[in-house]
Amino acid sequence: MSNTIKDWELEAAQALHDLPLMDLLFRAQIVHRDNFVPNRIQTSKLLSIKTGGCAEDCAYCSQSALNGAKLPASKLIEVQRVLHEARKAQDAGATRFCMGAAWREPKDRDMDALVEMVKGVRSLGMETCMTLGALDEDKIRRLRDAGLDYYNHNIDTSERYYPQVISTRKFADRIKTLGRVQDAGIKVCSGGILGLGEVTRDRVEMLVTLANMDPAPESVPINMLMPQENTPLADAKPIDPIEFVRVIAMARIMMPRSYVRLSAGRSEMSEAVQAMCFLAGANSIFVGETLLTAQNPEADADAALFAKLGLRVEVAECESRKGEAE
Ligand code: SAM
Ligand code: DTB
Ligand code: SF4
C-alpha cells in the first residue's frame, strides 16, 4: 500500500522539524497508532558477508580501502556459514536476515553464491535482505527470482551534502539503483546517517527525498554515526540525541506505513534515548552484538529494555502493520 500523504515539500517538513518537541512526538504517536499496532518491534539481524577493502570512499565507513580505515579485506564468505548464522539469528528471534557486502557492486562471479544465500535463508522461513552496493537490472532480476525480499541502499544524507561525504559515486547513482530495485518488485530499505557534520536542512531534505519515493521505502533505517578509527569522521561532533529523536518522529509522520528502524548507534545511547525513539515511532531495530563491523547492544540488554518498556518483538512479517491488504 502506498502512503497517504505524498509530495512532501521542504517547507512543510521543516515546519514539522521545528514543532515543540511534545507536539511533534504527539503527532508521531497518532500516526504510528493509526498505522501500526503499538508496542511491537520488528527485529533484523545483520551479517557482513564480505568485509573491508571497499572501492568506495564513504567518510564514515570502517570498510573503505580509500578513506584511511585499516580494516583488512576479506573474501565473500561460504554459503554454509551464512546459513549457520541465519539459523542462530532465527533461534534468537530475528525475523529478517540482512547480508551486507563492502562492495561498490557485486561481480558476475559472485552472483551464484549470492543467489544460494538468498534461497537458503528464505528456505528457513526468514525474510531476506541484502546490501551489496550498485546493481544493474540483470543482477536485480537474479536476486528477485531467488526470493530476495528487501534491498538496502541508503541515500545517507541530502543531495547537497553528499559530495562532502562520498566522492566515488553520486547521489543520483543511488537513486537510480533504488528505482531499478523498485521496478523489479523488491521492497526497498533506504535511510541515512545523522552526525556526518550535516545541518538540519540536510536531514529535512534527506527525509523529503525518501518520503517522495513512489512508493516510500518499506523500511527506513536511521543510523547515528558510530565514529570509526582513522576515517575522516573519526572525531565528528556527536549529534544531539533530541535532534536524533526529532528526525525519527519526522520519518514516522512523513512515511506513515514504513517501518522506521533505530539502526546503528544504539550501543552508545541510553535506555531513555532509545525509549524516546520508540515513542517517536521507531518500530524496528538490529539485534545481536555486532552490526556489520561495529558494536550493538547485547541480547540481554535488549531483553531487559523491552521488558522495562513493555515492548514485544514481532514474530511474523509485517504483523503489526494495520489493514494490510492481502
Ligand atoms: N556497501 C553497501 C552500501 O554502502 O550500500 C552496504 C553496506 S554499508 C556499511 C550500509 C550502510 O551502513 C551505509 O549506507 C550507512 O548508512 C551505514 N553505516 C556505515 N558505517 C556506519 C557508521 N560508522 N555509523 C553509522 N552508520 C554507518
Ligand atoms: C543500515 O542502514 N545500517 C546497517 C545496514 N543498513 C546495512 C549497517 C550499519 C553499519 C554500522 C557500522 C558497522 O557495523 O560497520
Ligand atoms: Fe563501501 Fe558501503 Fe562502506 Fe561505502 S558504506 S565504503 S560502499 S562498505
Side-chain angles (χ1 to χ4, degrees), residues 44-71 73-74 76 96-106 110 114 128-135 150-157 161-162 165-171 173-178 181 188-198 206 210 217 219-236 238-239 244 248 251 258-269 282 284-297:
S44 296
K45 176 75 180 83
L46 276 167
L47 176 69
S48 181
I49 58 171
K50 190 269 168 191
T51 308
C54 183
E56 305 272 19
D57 69 351
C58 312
Y60 48 76
C61 187
S62 62
Q63 304 200 66
S64 168
L66 308 176
N67 72 359
K70 295 204 167 72
L71 202 66
S74 74
L76 183 62
R96 191 178 308 163
F97 197 65
C98 308
M99 295 157 265
W103 281 325
R104 169 177 299 187
E105 62 196 344
D110 300 315
L114 295 172
T128 51
C129 177
M130 281 186 158
T131 180
L132 313 167
L135 290 180
Y150 288 83
Y151 195 68
N152 166 254
H153 203 60
N154 289 345
I155 62 168
D156 280 331
T157 190
Y161 195 62
Y162 204 79
V165 183
I166 300 152
S167 78
T168 47
R169 59 172 185 250
K170 292 197 172 63
F171 188 84
D173 300 333
R174 291 299 257 194
I175 301 287
K176 275 187 209 144
T177 294
L178 286 167
V181 168
V188 161
C189 172
S190 187
I193 317 184
L194 310 189
L196 302 171
E198 77 285 351
M206 175 182 90
L210 292 169
S219 171
V220 181
I222 306 292
N223 298 276
M224 183 180 275
L225 176 71
M226 301 184 77
Q228 303 293 312
E229 268 185 15
N230 303 315
T231 63
L233 289 169
D235 299 316
I239 177 176
F244 189 85
I248 298 261
S258 305
Y259 279 78
V260 175
R261 184 172 310 120
L262 170 56
S263 300
R266 286 199 305 117
S267 56
E268 303 306 312
M269 279 174 212
S284 171
I285 57 169
F286 286 120
V287 289
E289 60 221 36
T290 28
L291 294 162
L292 290 170
T293 70
Q295 210 193 339
N296 202 40

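Remember, it's 1-based here, ligands and their atoms both numbered in the order they're listed.
Atom 1 (Fe) of ligand 3 has no N, O or S atom of C58 under 2.8 Å away, backbone or side chain.
Distance from atom 15 (O) of ligand 2 to its nearest protein heavy atom, with residue and atom name: T293 OG1, 2.5 Å. Annotation: atom 4 (C) of ligand 2 to nearest protein heavy atom, F286 CE1, 3.6 Å. If you check which protein heavy atom lies closest to atom 11 (C) of ligand 1, you get N154 ND2, 3.6 Å. Counting only heavy atoms of the protein, atom 6 (C) of ligand 1 lies nearest to T131 OG1, 3.0 Å. Looking at atom 16 (O) of ligand 1, its nearest protein heavy atom turns out to be D156 OD1, 2.6 Å. From the protein, the heavy atom lying nearest to atom 1 (Fe) of ligand 3 is C54 SG, 2.3 Å. The protein atom (non-hydrogen) at minimum distance from atom 3 (N) of ligand 2 is N223 OD1, 3.0 Å. Distance from atom 20 (N) of ligand 1 to its nearest protein heavy atom, with residue and atom name: Y60 CD1, 3.4 Å. From the protein, the heavy atom lying nearest to atom 8 (S) of ligand 1 is L292 CD1, 4.4 Å. Among all protein heavy atoms, the one lying closest to atom 27 (C) of ligand 1 is I193 CD1, 3.7 Å.
Using a 4.5 Å heavy-atom threshold, the side chains of L225 and I239 count as separate. Between L262 and M269, some side-chain heavy-atom pair lies under the 4.5 Å cut-off. Between I248 and V260 the shortest side-chain heavy-atom distance falls below 4.5 Å. Two residues are said to be in side-chain contact when any heavy atoms from C-beta on lie closer than 4.5 Å; I49 and L132 meet this criterion. Here the side chains of R169 and C58 are in contact, with some heavy-atom distance below 4.5 Å. In this structure, the side chains of F286 and R261 come closer than 4.5 Å at one or more pairs of heavy atoms. Between D156 and V165, every side-chain heavy-atom pair lies at or beyond the 4.5 Å cut-off. Residues L292 and T51 have side chains not in contact (no heavy-atom distance under 4.5 Å, counting atoms from C-beta outward).
Contacts between L132 and ligand 1 below 4.0 angstrom, taking non-hydrogen atoms only, are absent altogether. When non-hydrogen atoms are compared, ligand 3 lies under 4.0 Å from the side chain of R169 (C-beta onward) but not from its backbone. By the criterion of a heavy-atom distance under 4.0 Å, the side chain of N152, and not its backbone, is placed next to ligand 2.
The contact set between ligand 2 and P221, taken as ligand atoms under 4.0 Å from a residue heavy atom, comprises 2 (O). Counting atoms of ligand 2 from 1 in the listed order, those under 4.0 Å from a heavy atom of N154 are 1 (C), 2 (O). Near C61, meaning under 4.0 Å from any of its heavy atoms, are these atoms of ligand 3: 3 (Fe), 5 (S), 6 (S), 8 (S). If you number the atoms of ligand 3 from 1 as listed, the ones under 4.0 Å from a heavy atom of A102 come out as 8 (S). The W103 neighbourhood of ligand 1 comprises atoms 1 (N), with distances under 4.0 Å to a heavy atom of that residue. For ligand 2, the atoms lying closer than 4.0 Å to a non-hydrogen atom of L46 are 4 (C), 5 (C), 7 (C), 8 (C). For ligand 1, the atoms sitting less than 4.0 Å from at least one non-hydrogen atom of A264 are 25 (C), 26 (N), numbered in the order shown with element in parentheses.
Residue R104 places every heavy atom at 4.0 Å or more from ligand 3.
Residue T231 comes nearest to A69 through the heavy atom pair CG2-CB, 3.9 Å, listed as atom of the first residue, atom of the second, then distance. In plain terms, the two heavy atoms of S44 and C98 that are nearest each other are CB-SG, 3.9 Å. The shortest heavy-atom contact between I155 and S190 is N-OG, 3.6 Å. Residues Q63 and S48 share a closest heavy-atom pair of OE1-OG, 4.2 Å. The two residues P217 and S258 make their nearest non-hydrogen contact at O-OG, 2.7 Å. Contact between L178 and V188 at its shortest, heavy atoms only, is CD2-CG1, 3.7 Å.
Judged by distance alone, the side chains of N223 and Y60 never bring a donor and an acceptor atom under 3.5 Å apart.
By the 3.5 Å distance cut-off applied to N or O atoms, A294 is counted among the residues near ligand 2. Among the atoms of Q228, none of the N or O lies under 3.5 angstrom from an N or O of ligand 2. Between Q63 and ligand 2, no pair of N/O atoms sits closer than 3.5 Å. On a distance-only criterion, N152 and ligand 1 share no N/O pair closer than 3.5 Å.
With S64, C61, A101 as candidates, the residue nearest to atom 1 (N) of ligand 1 on a non-hydrogen basis is A101. When the options K50, M226, M224 are ranked by their closest heavy atom to atom 22 (C) of ligand 1, first place goes to M226. Between atom 5 (O) of ligand 1 and the options R169, M130, R174, E56, the minimum heavy-atom separation is to R174. Looking at L292, L291, N296, it is L292 that brings a heavy atom closest to atom 8 (C) of ligand 2.
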Requested in this report: Starting from the C-alpha separation in whole Å, work towards a yes-or-no answer on side chain to side chain contact (heavy atoms under 4.5 Å, CB included) for S219 and R96.
Outcome: CA-CA 12 Å; S219 171; R96 191 178 308 163; 3.7 Å; yes
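L291 CG to N296 CG: the interatomic distance, rounded to the nearest 0.5 Å, is 4.0 Å.
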